[in-house]
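Okay, structure first, notes after.
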Amino acid sequence: MLDIKLIRSNPDLVRSALAKRGDDPAKVDRLMALDGEFRQLQQQLDNLRQERNDRSKQIGAIKTERAMGDVVALQEVVAEIAKQIKALEQQVSTIESERKNPRTGLLFQIPNIPDESVPLGLAESANVEIRRWGTLPSNGFIWLPHEEIGANLGILDMNRAAKLAGTRFVVLKGIGARLERALGNFMLDLHVANGYTEVLPPAIANEETLTANGNLPKFQDQLFKLEGLPYYLIPTAEVPLTNLYREEILEADKLPLYLTAYTPCFRSEAGAAGKDTKGMIRVHQFGKVELVKIVHPDNSFAELEAMVEDAERVLQALELPYRVMLLATGDLGFNSAKTYDLEVWFPSQGKYREISSCSNCTDFQARRGQTRFRENSTLRFPHTLNGSGVAIGRTLAAILENGQRADGTIKLPAALWPYLGGLREIRKE
RNA sequence: GGAGAGGUGGCCGAGCGGCUUAAGGCAACGGUUUGCUAAACCGUCGUAGGGGCUCUACCUCUACCGGGGGUUCAAAUCCCCCCCUCUCCGCCA
């Protein structure tokens, strides 16, 4: 959520931010009209309430001091004012919900303002490659897709997963299941060693939490909701982690906060029909280690660079070739002012695929969740950052694909050996 | 799930229809005192949204005592619904 005062004082800035994203700049004008109306009615309402309060006090004074005065007449006057107040309150609350209600309000439909350093462009081709790491595996080899490798080795079973739950689920078995667990432990250990605090949050979140994070109301169709209950399965640990200090005032010396969590993530993948239908690239449930930072506003962009490096460390240790992309304005998420994606190499597809997305949401989420910190006795919103560190399902798939050898065995990166009881390769059991 | 007790500012805690502008304390901040620290004393000290203006100041209004609704001229205070915490009981990985 943007600051309404910023929109009032600098509507052009917000209009151009919307245009850069391919969003509708007229939203600003609709909001400003509504805001003007709101303020005018609020003023009227406040005046009426003042009058009511004054006269009610008068009545109280007359009664307690047994002073002279026509109490009955006054009561009638105030009763009339009270009626007007009620009517006006109705109007104000209608407008307020169009303006600022978390579920329906216009203010909540305006995305974050892209940072100056974000490349302009609506097409995916406008994204800028920042750097590459690792050498791509050679050609002259038929690189199998991970789902075939997994099936051959007997460690990945899509068919039985479909029986148990449906399409877009996986069952991992034997070393496959163990590998998932090893990856989670490895990533958490790495991030904890780098200063992050490990958190184990609920995998279910309520409406307030998802609204503060920006998933509701706009992206409700991407979530799994528990039937008849105001609960949702989390789509990422970003949701609970950025909400950990919601509606709290932190002391400035508590910042920065570095948090990491390994949770299951649940996504309905509505609208993704036909995309990545095979394998574990796009599934309804996957494990992910998430990184979240809550930082002082002055440092957030430097903190973003550091966070990207923290995610890169995972891929480097796992010896997976990747590239870092800076997303253009049109590709930015709703909350984000600047986002880097990490894309890992999938030899069977001959392309890089997203495995991590690291964003600086500036004060956008903090304002929405009323997370604040106190600095020299004034209250400020911290900046929140989130990044995958990294998605485990896709990592597992990438390890299977990139580690393929001619004899059908899979090479495991040395960083994982200690997590797999010394196992150095996967072979058919 | 059942019974009971409770939820008040950063924290503790009083208030239970009008004298609350939420007492008092702690913490914090500023000052006096002091060789320094501490103590003592004085002062400041919630959040949000408006309006005014000589516009980082200052003045002023409104709202907020877990959330929502209601009663009343007037609600932290009375009534209803919901949420959360604690204690006991039941069930349970």
Side-chain angles (χ1 to χ4, degrees), chain A residues 1-10 31-108 200-212 226 228-232 240 243-255 297 363 366-382:
Chain A
M1 171 173 110
L2 294 179
D3 187 352
I4 186 110
K5 287 175 185 162
L6 172 76
I7 300 173
R8 274 177 207 152
S9 63
N10 204 344
L31 179 57
M32 297 250 290
L34 210 54
D35 184 53
E37 202 180 340
F38 167 80
R39 283 195 287 169
Q40 197 195 329
L41 287 174
Q42 184 68 45
Q43 186 63 33
Q44 283 178 35
L45 182 57
D46 282 352
N47 289 341
L48 279 174
R49 290 209 263 232
Q50 183 185 0
E51 203 177 333
R52 178 199 59 191
N53 293 347
D54 288 348
R55 298 203 187 213
S56 287
K57 267 178 205 153
Q58 235 176 302
I59 294 170
I62 292 168
K63 287 197 164 182
T64 51
E65 289 162 23
R66 308 255 186 304
M68 296 300 288
D70 190 344
V71 171
V72 176
L74 258 179
Q75 281 178 347
E76 279 168 11
V77 171
V78 182
E80 182 51 40
I81 294 171
K83 268 186 210 157
Q84 291 176 39
I85 287 175
K86 255 195 183 146
L88 209 50
E89 275 171 345
Q90 280 297 326
Q91 280 186 63
V92 170
S93 86
T94 305
I95 289 188
E96 183 62 350
S97 86
E98 283 175 49
R99 187 184 75 135
K100 249 181 136 174
N101 180 286
R103 304 196 66 84
T104 54
L106 263 176
L107 186 59
F108 285 83
L200 202 158
I204 287 176
N206 61 28
E207 288 176 344
E208 290 74 26
T209 299
L210 285 153
T211 301
L226 272 60
L229 297 168
Y231 295 142
Y232 296 80
N243 271 272
L244 209 52
Y245 300 99
R246 173 157 55 93
E247 286 154 46
E248 290 190 34
I249 295 168
L250 304 164
E251 290 308 320
D253 60 14
K254 277 198 141 187
L255 302 181
D363 60 4
R367 180 176 298 105
R368 198 159 174 154
Q370 289 295 300
T371 302
R372 289 170 292 179
F373 70 101
R374 193 184 302 278
E375 184 179 60
N376 302 327
S377 81
T378 63
L379 293 177
R380 299 185 66 184
F381 294 109

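Quick note on labels: first sequence line is chain A, next is B, and so on, each numbered from 1. Side chains are part of it too, since the values below use all heavy atoms of this structure and drop only hydrogens, waters and symmetry mates. Note that the structure is a prediction, hence the values are computed from the model and not measured.
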Given that both distances must come in under 3.5 Å, which nucleotide forms a Watson-Crick or G-U wobble pair with B:A75?
none
Who passes side-chain hydrogen bond (donor to acceptor under 3.5 Å, both in side chains) against A:Asp35, sequence neighbours left out?
A:Arg8, A:Arg99
Nearest whole angstrom, please: distance from the P of B:G67 to the CD of A:Glu207.
18 Å
How far does the P atom of B:A3 sit from the matching atom of B:C82, given to the nearest Å?
12 Å
Check every strand shown and say whether A:Lys83 touches a base, only sugar-phosphate, or nothing at a heavy-atom separation below 4.0 Å.
nothing
Backbone N or O of A:Thr211 within a donor-acceptor pair of the A:Arg368 side chain at under 3.5 Å?
yes
Give the rounded distance in Å between these two atoms: CD of A:Glu208 and P of B:C82.
17 Å
Paired to B:C53 by Watson-Crick or G-U wobble criteria (both distances under 3.5 Å) is none
Polar side chain donor-acceptor pair, A:Asp54 to A:Gln58, under 3.5 angstrom:
no
Please report the distance separating the P of B:A75 from the corresponding atom of B:C83, rounded so that it comes out in whole Å.
26 Å
Quick check for you: among B:A63, B:A74, B:U21, whose closest atom lies nearest to any side-chain atom of A:Ser56?
B:A74
What interatomic distance, in whole Å, is found between P of B:G46 and the corresponding atom of B:G9?
13 Å
Any idea which heavy atoms bring A:Gly369 and A:Ala212 closest together, and the distance?
CA-CB, 3.9 Å
Using a heavy-atom cut-off of 4.0 Å across all strands, would you classify A:Asn47 as base, sugar-phosphate, or nothing?
nothing
Measuring only the C1' atom in each nucleotide, how far is B:G52 from B:U72? A whole number of Å is fine.
33 Å
How close or far is atom P of B:G67 from atom CG of A:Asn206, stated in whole angstroms?
16 Å
Calculate, to the nearest 0.5 Å, the distance between atoms CD and CZ belonging to A:Gln43 and A:Arg39 respectively.
10.5 Å
To the nearest 0.5 Å, what is the distance between CD1 on A:Ile7 and CE on A:Met32?
9.0 Å
When rounded to whole Å, the CD1 to P distance for the pair A:Ile81 and B:C61 reads 17 Å
As its Watson-Crick or G-U partner within any shown strand, both distances under 3.5 Å, B:U85 has B:A5
Side-chain donor/acceptor of A:Asp363 to backbone N/O of A:Phe381, under 3.5 Å:
no
Integer angstrom distance from the C1' of B:G17 to that of B:C78:
8 Å
Do A:Ser56 and A:Asn53 pair up side chain to side chain, a donor and an acceptor below 3.5 Å, judged on atom types alone?
no
Under 3.5 Å on both distances, the Watson-Crick or G-U partner of B:A23
none
Under a 3.5 Å cut-off for both distances, is B:G90 Watson-Crick or wobble paired, and to whom?
none
May I ask you to verify if any side-chain N or O of A:Arg372 is less than 4.0 angstrom from the OP1 or OP2 atom of B:A48?
yes
Pairing nucleotide - B:C29, Watson-Crick or G-U, each distance under 3.5 Å
B:G43
Spacing of the C1' atoms in B:C79 and B:U71 (rounded, Å)
7 Å
Integer-rounded Å distance: B:C61 P and A:Leu48 CG:
16 Å
Identify all pairs in which a protein N or O lies below 3.5 Å from an N or O of nucleotides 49-56 of chain B, and state each distance.
residue, atom, partner, partner atom, Å
B:G49, N2, A:Asp46, OD2, 3.1
B:G50, OP1, A:Arg8, NH1, 2.6
B:G50, OP1, A:Arg8, NH2, 2.1
B:G50, O2', A:Gln43, OE1, 2.6
B:G51, OP1, A:Arg39, NH1, 3.3
B:G51, O4', A:Gln43, OE1, 3.3

A:Leu379 CG to B:U47 C1': how many Å, rounded?
8 Å
Looking only at side-chain atoms of A:Lys57, point me to the closest of B:A48, B:C73, B:U21.
B:U21
Heavy-atom donor-acceptor pair, A:Arg367 side chain to A:Met1 backbone, under 3.5 Å
yes
Test item: A:Gln91 and A:Leu88 side chains (from C-beta on) under 4.5 Å apart, heavy atoms
yes
In whole Å, what is the span from the CD1 atom of A:Ile85 to the P atom of B:A74?
8 Å
Under 4.0 Å between any heavy atoms, over every strand shown, what does A:Leu45 touch: base, sugar-phosphate, or nothing? Just pick one.
nothing
A:Lys254 NZ - B:G10 C1' separation (whole Å):
12 Å
Distance, C1' atom - from B:G66 to B:C61, rounded to whole angstrom
27 Å
In the strands shown, is B:U37 matched to any nucleotide by a Watson-Crick or G-U wobble pair with both distances under 3.5 Å, and which?
none
Using heavy-atom distances to pick each residue's nearest nucleotide on RNA chain B, tell me which of A:Asp54 and A:Ile249 is more 5'.
A:Ile249
Verify the contact: side-chain N or O of A:Arg52 to OP1 or OP2 of B:A63, cut-off strictly under 4.0 Å; return yes or no.
yes
If I pick the C1' atom on B:A63 and the same atom on B:G6, what distance separates them, to the nearest angstrom?
26 Å
